[in-house]
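Data block below; observations after.
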Amino acid sequence: MNEVTRAIADFISGETGLSADELHRWIEVPRDPQWGDYAFPCFTLSRTMKKSPQNLAREIVLKFKPAGLLADCTTAGAYINFRIQREVWAEIVLQRIFFEGPGYGQSLEGAGKRILIEFSSPNIAKPFHVGHLRSTIIGHALCQIFERRGYDVVRLNHLGDWGKQFGEVITAFKRWGSLEQLEAKPLKHLLEVYSRFHQESKDEEPLHEEARGWFRKLEEGDPEARSLWSRFREISVEEFKRLYKFLGITFDSYEGESFYQDWLPGLIERMRGTGLLIESQGAWVVPLEAYQMPPALILKTDEATLYLTRDIAAAEYRFEKWDFAKMIYVVGVPQRLHFQQLFKVLELMGYEWSKRLAHVDFGHVLGMSTRRGEVVFLQDVIDEAVQRAERVIEERGEDKEARIGKILEKERKNIARAVGLGAIIFNDLRTKRTKDVEFDWDRILGFEGATGPYCQNAHVRCCGIMRKYSGEVMAAVDYGVLASDEELDLIKRLREFPEVIERAAAEYEPSVIAVYMLELAMSFNVFLARHRVLGEEKRVTQARVLLTHGVKRVLAACLEILGMEALERM
RNA sequence: GCGCCUGUAGCUCAACCGGAUAGAGCAACAGCCUUCUAAGCUGUAGGCCGGGGGUUCGAGUCCCUCCAGGCGCGCCA
């Protein structure tokens with residue numbers, strides 16, 4: 001919905017007597033811009049009007065008179081193709097961006113509403129690998145998107161810091177670890193003993209028995225277990241925070257699974273009291289057969305709690321604390337059933353707010369093994385990407401220097417970091433989140449074509465032009481000179497931005513922003529290849545500077561949403 | 001076995017909740033920098049939209065079925 005489609009719907013409504021809102025939904029953008037800027041297919045309309053679609057189209061077109069935003073209107077079979085009055089359209093769009101400033105694209109839809117977004121949530125004592133990255137950057141992008149929709153966003157990092165796995169870590173550390181080594185290289189040592197547990201516990205039931213025992217002790221408050229656990233947690237969180245800082249991501253809460261332990265006994269009591277919990281094979285479950293789901297396991301035979309139990313507690317606690325309008329869980333698709341069960345159990349517990357919960361799932365990262373057959377650590381990917389970016393800067397050094405002058409060493413480091421990271425982030429966010437993504441070094445480390453750096457580069461080119469423009473950017477320009485197809489294309493895309501954010505929020509889908517940003521960057525590069533901004537006739541330069549300014553604004557907004565740096569030079 | 005998801009160019013992905021001739025990028029080939037950043041632009045080549053039925057004026061998109069792959073299905077998270 002924009003000013004043009006509104007005008008089209010009003011015009012056809014006037015000719016047919018049907019409601020403009022109903023007609024509006026049929027309006028589309030022709031595949032080939034040669035046909036027109038917007039089109040209205042008459043097929044469905046012809047049924048209610050009892051006329052052939054072609055005749056209907058012709059009749060409507062005969063009534064058309066150019067006015068306001070609509071310059072022209074023709075038929076092509078059953079289609080009515082409209083052409084925009086470019087000058088008027090350019091003025092509406094560019095003035096809006098100019099005057100709204102950074103607020104362009106934002107809305108008040110979520111004003112007064114709070115949304116909780118749980119994302120990233122890595123497991124303590126486990127390496128942060130490229131698989132975890134998806135939740136982190138998808139979640140971060142969603143936070144940015146919902147903030148622009150006016151919501152009060154609360155960022156939750158539901159750390160995996162509780163459960164049998166800590167029994168495993170403690171078992172491993174008691175057997176093979178040492179305090180000296182833990183002091184010297186904390187995380188490395190932790191990973192060493194933990195992976196050793198995995199290797200040796202394959203067919204060793206006693207080891208698992210021991211691990212379960214330690215976790216039970218942990219839940220019972222055993223001092224030794226507690227002290228080890230809290231040291232391990234500290235070490236990991238420190239490492240995670242360093243990484244988040246590097247990524248430019250913050251959280252409002254690091255209340256992980258362990259946080260809810262005091263809540264659990266009361267929860268179990270209440271669930272037993274309502275008769276929701278029943279004993280089954282020695283464990284306690286909520287039967288869900290009636291909803292075509294396997295039973296939800298709440299308490300193990302040894303009375304220890306499970307992931308699901310803690311998630312129920314977390315939901316209750318969060319609703320009490322934050323009174324959210326929405327809460328979304330950015331967690332991988334393998335856990336879909338888990339969340340279906342969670343939401344159903346909460347509903348059965350009588351919480352009307354269970355309807356406000358959503359699982360925002362995403363596909364797995366496949367085949368991310370190195371030659372040694374291990375998972376790829378995020379840190380390694382980042383290092384490799386940054387190094388690769390440094391090499392590119394090195395290779396193009398002379399060429400760049402001739403164009404933009406010497407870049408200081410410090411700035412070069414920052415550019416390499418931003419570009420390397422930009423490539424990784426964009427690669428993850430450009431596809432629909434539910435798709436599995438193939439881990440491919442070449443793809444992640446490519447900086448040309450449909451990549452993050454391509455988009456960053458388009459922004460940089462805007463900056464270059466604005467930097468060299470000596471005049472003042474102003475909204476009072478001669479919009480008539482923005483008459484080329486390339487300029488119209490840019491203006492159309494710029495106008496889409498608010499709707500793009502709206503769609504991204506409605507679908508919990510950051511890729512909508514990524515794809516849009518890429519297309520805007522492409523349009524801008526094509527525009528620059530065919531037209532000059534600076535050094536033209538004054539009124540032309542003024543108008544194109546305003547256009548460039550608009551592109552820069554929107555590109556910068558997209559980059560910020562996705563968590564990528566909008567560089568000035570690169 | 002049951003359930004959910006995914007099959008579009010050699011590869012990685014689009015296609016605006018049914019519309020006109022299915023679009024990009026990578027890889028390949030051929031061009032374009034004495035003027036705003038060449039991390040760029042232009043061109044060539046590349047397709048039975050997994051197969052088969054159906055609904056419709058109209059299907060990559062909806063329904064059925066088959067095939068292939070992924071994920072999940074009580075004491076892990």
Side-chain angles (χ1 to χ4, degrees), chain A residues 25-26 28-32 35 39 41 43-44 46-47 52-53 76-79 81 121 123 126 160 162-165 168 208 212 257 280-285 292-302 304 306-308 310-311 331-338 340 361 363-364 366 389 392-393 396 399-400 402-404 419 423 427 430-432 434-438 440 442-443 446-458 460-469 496 499-500 503 507 511-512 515 518-519 522 525-526 528-530 532-535 541 544 548 569-570:
Chain A
R25 57 185 293 253
W26 301 109
E28 57 188 66
V29 178
R31 206 190 296 286
D32 189 340
W35 300 332
F43 299 105
T44 27
S46 79
R47 213 169 298 158
S52 84
Y79 288 84
N81 290 319
S121 310
N123 284 327
K126 278 191 189 169
W162 206 243
K164 188 202 153 203
Q165 53 175 327
E168 294 177 3
H208 284 287
R212 274 192 286 271
E257 292 185 61
S280 162
Q281 296 168 31
W284 291 83
V285 305
Q292 288 81 47
M293 275 186 256
L297 190 57
I298 305 293
L299 269 188
K300 299 194 279 187
T301 35
D302 66 357
L306 287 141
Y307 179 41
L308 181 61
R310 283 163 243 140
D311 261 358
V331 181
V333 59
Q335 312 216 37
R336 183 174 282 190
L337 177 60
H338 166 80
Q340 286 172 346
D361 56 1
H364 239 64
L366 305 170
V392 172
I393 294 170
R396 301 177 195 199
D399 192 41
K400 289 279 178 190
R403 288 175 204 278
I404 54 174
V419 167
N427 176 64
R430 60 190 265 211
T431 59
K432 276 220 171 66
T434 47
K435 282 206 169 177
D436 290 343
V437 294
E438 196 80 38
D440 179 3
D442 292 339
R443 192 164 159 234
F447 298 154
E448 288 168 23
T451 63
Y454 177 96
C455 299
Q456 288 170 311
N457 186 55
V460 160
R461 294 183 81 179
C462 290
C463 290
I465 290 168
M466 301 312 286
R467 200 165 44 231
K468 288 182 180 166
Y469 178 62
E496 284 173 23
E499 286 179 55
V500 165
R503 225 173 78 224
E507 297 169 14
S511 73
V512 169
V515 169
L518 181 63
E519 285 174 350
M522 281 177 168
N525 276 329
V526 170
L528 286 189
R530 295 182 188 169
R532 283 195 56 80
V533 176
L534 270 24
T541 288
R544 289 183 180 163
T548 303
R569 306 201 297 175
M570 66 188 273

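Lettering of chains follows the sequences in order, A, B, ..., and the numbering in each one begins at 1. Hydrogens, waters and symmetry mates play no part in the numbers below; they use all other heavy atoms, side chains included.
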With a non-hydrogen cut-off below 4.0 angstrom, is A:R530 in contact with a base, only sugar-phosphate, or nothing?
sugar-phosphate

What is the nucleic acid contact for A:G163, judged by heavy atoms within less than 4.0 Å: base, sugar-phosphate only, or nothing?
sugar-phosphate

NA contact type, A:I404, heavy-atom cut-off 4.0 Å: base, sugar-phosphate, or nothing?
base

Take atom NE2 of A:H364 and atom P of B:U6, then tell me their distance rounded to the nearest Å.
17 Å

Considering only the P atoms, how many Å lie between B:C5 and B:C49, rounded to the nearest integer?
23 Å

Only pairs with both distances under 3.5 Å count, Watson-Crick or wobble alike; so what is the partner of B:A20 in this structure?
none

Do A:K164 and A:E168 meet the salt-bridge criterion of a basic N to acidic O distance under 4.0 Å?
yes

Mind checking if A:M522 touches a base, just sugar-phosphate, or nothing, with heavy atoms under 4.0 Å?
sugar-phosphate

Pairwise C1' distance, B:G69 and B:C33 [rounded to whole Å]:
47 Å

Heavy atoms only: give me the nearest A:Q456-A:V419 pair and the separation to one decimal.
OE1-CA, 3.7 Å

Describe the nucleic acid contact of A:L528 in one word from base, sugar-phosphate, nothing, applying a heavy-atom distance below 4.0 Å.
base

Less than 4.5 Å apart, any side-chain heavy atom of A:I465 and any of A:L528?
yes

Can you check the distance between B:G60 and B:C17, where both ends of the measurement are the C1' atom (answer in whole Å)?
14 Å

Scan A:R310 against the nucleic acid and name what it touches under 4.0 Å (heavy atoms): base, sugar-phosphate only, or nothing.
sugar-phosphate

Taking only the P atom of each, what is the distance from B:G40 to B:A45 in whole angstrom?
23 Å

Below 3.5 Å, does any donor atom in the side chain of A:T301 face an acceptor in the base of B:C75, or the other way round?
yes

P gap between B:G72 and B:C29, integer Å
42 Å

Scan A:R212 against the nucleic acid and name what it touches under 4.0 Å (heavy atoms): base, sugar-phosphate only, or nothing.
sugar-phosphate

What nucleic acid atoms does A:Q335 come within less than 4.0 Å of, heavy atoms only: base, sugar-phosphate, or nothing?
base

Does A:K435 contact B:U6 through a side-chain donor or acceptor facing the base, at a distance under 3.5 Å?
no

In whole angstroms, the gap separating P of B:A24 from CG of A:L518 amounts to 12 Å

P spacing across the pair B:G25 / B:U21, given as an integer number of angstrom:
23 Å

Heavy atoms under 4.0 Å, any strand shown: does A:R461 hit a base, just sugar-phosphate, or nothing?
sugar-phosphate

Would you classify A:E499 as touching base, sugar-phosphate or nothing, given that sugar-phosphate means primed atoms plus P, OP1 and OP2, and contacts are heavy atoms under 4.0 Å?
nothing

Is A:N525 side chain donor-acceptor paired with the B:A39 base, going by distance under 3.5 Å alone?
no

Taking the same atom, C1', in B:U8 and in B:U61, what whole-Å distance lies between them?
12 Å

Are the ring of A:W35 and the six-membered base ring of B:A20 within the stacking cut-offs of under 5.5 Å and under 30°?
yes

Heavy-atom distance under 4.5 Å between the side chains of A:D311 and A:H338, does that happen here?
yes

Whole-angstrom distance between B:C67 and B:A38, as gauged at atom C1'
47 Å

Under 4.0 Å, heavy atoms only, any strand: does A:D311 hit a base, just the sugar-phosphate, or nothing?
nothing

Per the atom types in the model, does the base of B:G25 pair as donor or acceptor with the side chain of A:T451 at under 3.5 Å?
no

Using purine N1 to pyrimidine N3 plus N6-O4 or O6-N4 for Watson-Crick, or N1-O2 and O6-N3 for G-U wobble, both under 3.5 Å, which nucleotide pairs with B:C4?
B:G70

Strictly by Watson-Crick or wobble contacts shorter than 3.5 Å, is anything paired with B:C36, and which nucleotide is it?
none

Base paired to B:A28 (Watson-Crick or G-U; both N/O distances under 3.5 angstrom)
B:U44

Roughly, in whole Å, what's the span from CD in A:E519 to P in B:A24?
10 Å

Paired with B:C62 by Watson-Crick or G-U wobble geometry, both distances under 3.5 Å: which nucleotide is it?
B:G54

